[in-house]
Trainee: 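Below you will find the structure I want to go over with you.
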Amino acid sequence: MNAVEIEEAVSKLAEQPFEPQEFPFAFLEAFGNKATTIKRLRSGASNKSDVGGVLQANNIHLAVAKLGAVTQTLGALKASPQTAKAKVKFILATDGDLFEAEHLDSGETLACEFDNFAEHFDFFLPLAGISYVNELRETAIDRGAARRLNRLYVELLKDNPDWGSEARRRDMNHFMARLIFCFYAEDTGIFHPNHPFTSTIEKMSDRDSSNTDEVIGELFRAMNTRKIDHEAAGIRNWARAFPYVNGGLFGGNLDVPRFSRIARSYLLHIGSLDWTKINPDIFGSMIQAVADDEERGALGMHYTSVPNILKVLNPLFLDDLREKLGDAGDNPRKLAILRSRMAKIRVFDPACGSGNFLVIAYKQMRDIEAEINRRRSEAERATDIPLTNFRGIELRDFPAEIARLALIIAEFQCDQIYRGQQLALAEFLPLNAENWITCGNALRLDWLSVCEPTGKGGGKIYADDLFGAPLDQTKIHFENEGGETYICGNPPYSGYNKQTAEQKADLESVFAPVMKRWGNLDYVAGWFIKAAQFIQQSDGAAAFVATNTICQGGQVPILWPWIFAARQKIAFAHTSFKWANLAAKNAGITVVIVGIARGSNDPATLYEEAIEGIEVRQVTNINGYLAPSANIFIQAATQPISSISKMNFGNHPYYGAALIISRYDASEMVANDNRIAEFVRPYYGSAEVINANPRMCIWVRDDQADQAAAIPDLKRRFLSVQADRRSKPSDSTATTLVKSPYRFRDQVESSSYFIAVPQTSSENRPYLPCNVIRAPAVASFKCFAIHDAPLWNMALIASRLHWVWIGTVCARLEMRFSYSNTLGWNTFPVPTLTEKNKIDLTRCAEDILLAREAHYPATIADLYDPETIPDNLREAHERNDEVLERIYIGRRFKNDTERLEKLFELYTKMTTERPHSG
DNA sequence: GATCCGACATTTA
DNA sequence: TAAATGTCGGATC
């Protein structure tokens, strides 16, 4: 069961009348326990309770109390020896009136009326093995709201096709933003409770919906007109009860699209949702999906989850604020100093989307400030944290609008929580007309002018329109004289060979002035450069979520030397973790978080996912590979830096797909015409090596071209290749190859065998896959090959040292290994090998092959399954590592960290003593 | 001329 | 439907 399903089940349970006998079992069932589990508990077979309740070992001990004795029963549960013995996570007691529970691990308690317990279902999610607790409940509602808004949006576009045009798109977006504001306002008391927005529309508009647009338009007009002018403006009586909102929200074009009956009923339906529960953290992202063609299908695929946002914000500056809060204790002066520091902090998200990072940062800071005010006995004090210190840049106009709306709502919610409903309401309307979210291209804008350095620049400029103000209207003075700026966000990623022409041009504008050879960098790297440039001018730090490849392979020696030369360091980092949010479909990507700050001798903090949770380490330095080691850069090399054999890239078909055939097709072709046999060879890529299951290819040497073309089955395939290559007129290589359609672009073969190294392979194996492949088989471009070379080369590839090296300095596909000859093999530092060393290593490689042979026909995939790797094979690898590691340091390495340290050290030594060009 | 990497792509359990 | 695990193209240096 997922969280949404659990919420449904719990709500259903809460609606039913309370049955003391049944309740414990029904509760467990709602959290996904199987019928058999419950049966065994019911029968008493597995029920360990010693206080007359129900105890499920390792999970929960719950009991139904006598009326009025809930607290007492909970105490008994807590004191029960069985509770401790059975390692219970939760205790729970209820009498059908009150409901109390405690999470024993954290000590968190829950007390509510029985009727409301379903609202707290997330408290118990660990029971179902779900631990990403905080955001779930809200998100279920946010997603529901987003889906309904999406339906309304689509329906309105159906009825008003012109509103979907480029010219009117912004009107449509404005309209949706206004609606969202109204829904929120009517549920939170911003509108007078006697005059709800939704039911006014329902009452005043005809059932056939013919005048729905006019009714809404009139309400909008009221909200755009000061109270005293309502009469003069001729606002209809039924609309006069609505307040003056404006702040730009209802300024400008007040057109309303026409509503069909279906659209009207969607509208009323959305209004009936409980919008007080909407969580501006996430709802912005959901809402933006409503209007975004790209996002609509995925519904929020790219929004950053709250836990991940906190992985950025906490180490960036929130942890420090909390630490200072702790240090200040109850000292009023220290608390006031912290408060005034916070009032000057700017948070700047140059890829803000609908403002999630800004909203979370704002809410977290308000929480800290509220604690300060509480300790200083100033609970009702207005906040000192200006909303305008939370700046953003966003490319698309709708999210930019939503970002501001989300911040406004966040401010209102914080005022409600920390200062009370009355004060919150009193100061809310009319909305401030400033616009502090810039709609524009972050890589093209001057961040210093969007988020100007402290204390400089002109006076306040108000945007005449709340939304999407032109750039020159965004120079709003910061109220942060002497303050810090924290840059954060989750900018878009795009690899160099997937970037659009526009994106390339964006990057060029950033990189051309500062470096050459930037063409292999990911799009997100542009944000790091601009952030580094910004921090050089201003107090603060920056941290982004980014694709992990910016800290891997070829990108490291391009991007990070520049950042470090700009006197920045990696102040903290979170190593690779799989992207996840609660959207139905997640982007398939693995990300890192990297925080940069001005260089200093302070320790850096390295976060790594571990089974127990997130492991945190203080280290002296974090390098561009996110390793806790010196700043080292592995440059791709065209020749090995060590005395090892040359490794070739495999044979690239280059639109020669028709030359690659299955084994079945190959035997059919040969059966059809025996002359073909001579031209067919086994063809090994990654999967073929790993699974010992080659495909076949047509392999024709230049001097055999005519002979092969005379065979009809081959000729047909050559023509197909020719056509494919001809279809790429802009590709000079393809054009050249049109003349030789009988062959791959590359044509390298071995005379007796080659050592094959798969290009992509699973990260779960304890050693890299490799094998000896005999001629006449050939390597595909998914497989690297050392042709007819001594076998001790394979001993190196099969070693744990190489596994560590490749895993660190080559790129990865998500977490998969992605082997590279230039980055991984040619750079692999190997001490000078004596003849004796080579003989020993050759023996080790032979032993590995023999150990595998003993399990014939098991494949590499079978043999290297980490769970079931055979003992003899593991021992052969151990001996191989023993021999090789003794060559390095005269003993075995203690662990992979030590291996990497030594390799980095040796690499540095070898490349500086004997400089390598390339 | 050679190759790196994928806000992935496809297969498998 | 989630988990496992590697295709294939094509821009870049």
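Below, read A as the first sequence line, B as the second, and so on, with proteins coming before strands; counting in each chain starts at 1. For clarity, every value in this text was computed on a predicted model and none was experimentally measured.
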Trainee: Could you run down nucleotides 6-11 of chain C 5' to 3' and tag each one B, S or - for protein heavy-atom contact under 4.0 Å?
Mentor: BBBBBB
Trainee: Just N and O in the side chain of A:Asn764: are any of them under 4.0 Å from OP1 or OP2 of C:dT5?
Mentor: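 Checking A:Asn764 against C:dT5: at least one side-chain N or O falls below 4.0 Å of OP1 or OP2.
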Trainee: Rounded to the nearest angstrom, tell me the gap between atom CG in A:Asn826 and atom P in B:dT3.
Mentor: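 My rounded result for the distance is 8 Å.
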Trainee: List for me each residue that meets side-chain hydrogen bond (donor to acceptor under 3.5 Å, both in side chains) alongside A:Trp527, sequence neighbours excluded, and say none if there are none.
Mentor: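 Testing A:Trp527 for side-chain hydrogen bond (donor to acceptor under 3.5 Å, both in side chains), a comparison that skips the adjacent residues, returns none.
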Trainee: Would you please name every residue forming a side-chain hydrogen bond (donor to acceptor under 3.5 Å, both in side chains) with A:Ser799, sequence neighbours left out?
Mentor: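 Listed in chain order: nothing, the list is empty.
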Trainee: Counting any heavy atom closer than 4.0 Å, what does A:Pro769 reach on the DNA or RNA strands: base, sugar-phosphate only, or nothing?
Mentor: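 Here A:Pro769 touches no strand at all.
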Trainee: By side chain to side chain contact (heavy atoms under 4.5 Å, CB included), which residues pair with A:Ala777, not counting sequence neighbours?
Mentor: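 Side chain to side chain contact (heavy atoms under 4.5 Å, CB included) list for A:Ala777, sorted by chain: A:Pro682, A:Tyr684, A:Ile773.
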Trainee: Taking the six-membered ring of A:Tyr654 as reference, does the NZ or CZ atom of A:Arg725 fall below 6.0 Å from its centre and within a 45° cone about the axis?
Mentor: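 Output no; distance or angle outside limits.
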Trainee: Using the test side chain to side chain contact (heavy atoms under 4.5 Å, CB included), find all partners of A:Asp865 that sit at least two apart in sequence or belong to another chain.
Mentor: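 Checked A:Asp865 against side chain to side chain contact (heavy atoms under 4.5 Å, CB included); matches are A:Glu867, A:Thr868.
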Trainee: Using Watson-Crick or G-U wobble pairs with both distances under 3.5 Å, give me DNA chain C in dot-bracket, 5' to 3', with [ ] for crossers and | for pairs to another strand.
Mentor: ||||||.||||||
Trainee: Determine the contact category for A:Asn648: base if any of its heavy atoms lies under 4.0 Å from a base atom, sugar-phosphate if only primed atoms, P, OP1 or OP2 are that close, otherwise nothing.
Mentor: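 Nothing, no heavy atom under 4.0 Å.
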Trainee: Sequence neighbours excluded, which residues qualify as ring pair (Phe, Tyr, Trp, His ring centres under 6.0 Å) partners of A:Phe511?
Mentor: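 Result, ring pair (Phe, Tyr, Trp, His ring centres under 6.0 Å) vs A:Phe511: A:Trp518.
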Trainee: Report the residues that fulfil side chain to side chain contact (heavy atoms under 4.5 Å, CB included) with A:Asn623, sequence neighbours left out, ordered by chain and then residue number.
Mentor: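 Per chain and number, A:Asn623 pairs via side chain to side chain contact (heavy atoms under 4.5 Å, CB included) with A:Asn621, A:Tyr625, A:Ala627, A:Ser629, A:Asn631, A:Ile632, A:Phe904.
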Trainee: Mind listing the side-chain donor-acceptor pairs of residues 754-762 of chain A below 3.5 Å, one per line with the distance, residues two or more places apart or on another chain?
Mentor:
unit_1	atom_1	unit_2	atom_2	d
A:Ser762	OG	A:Asn764	N	3.0

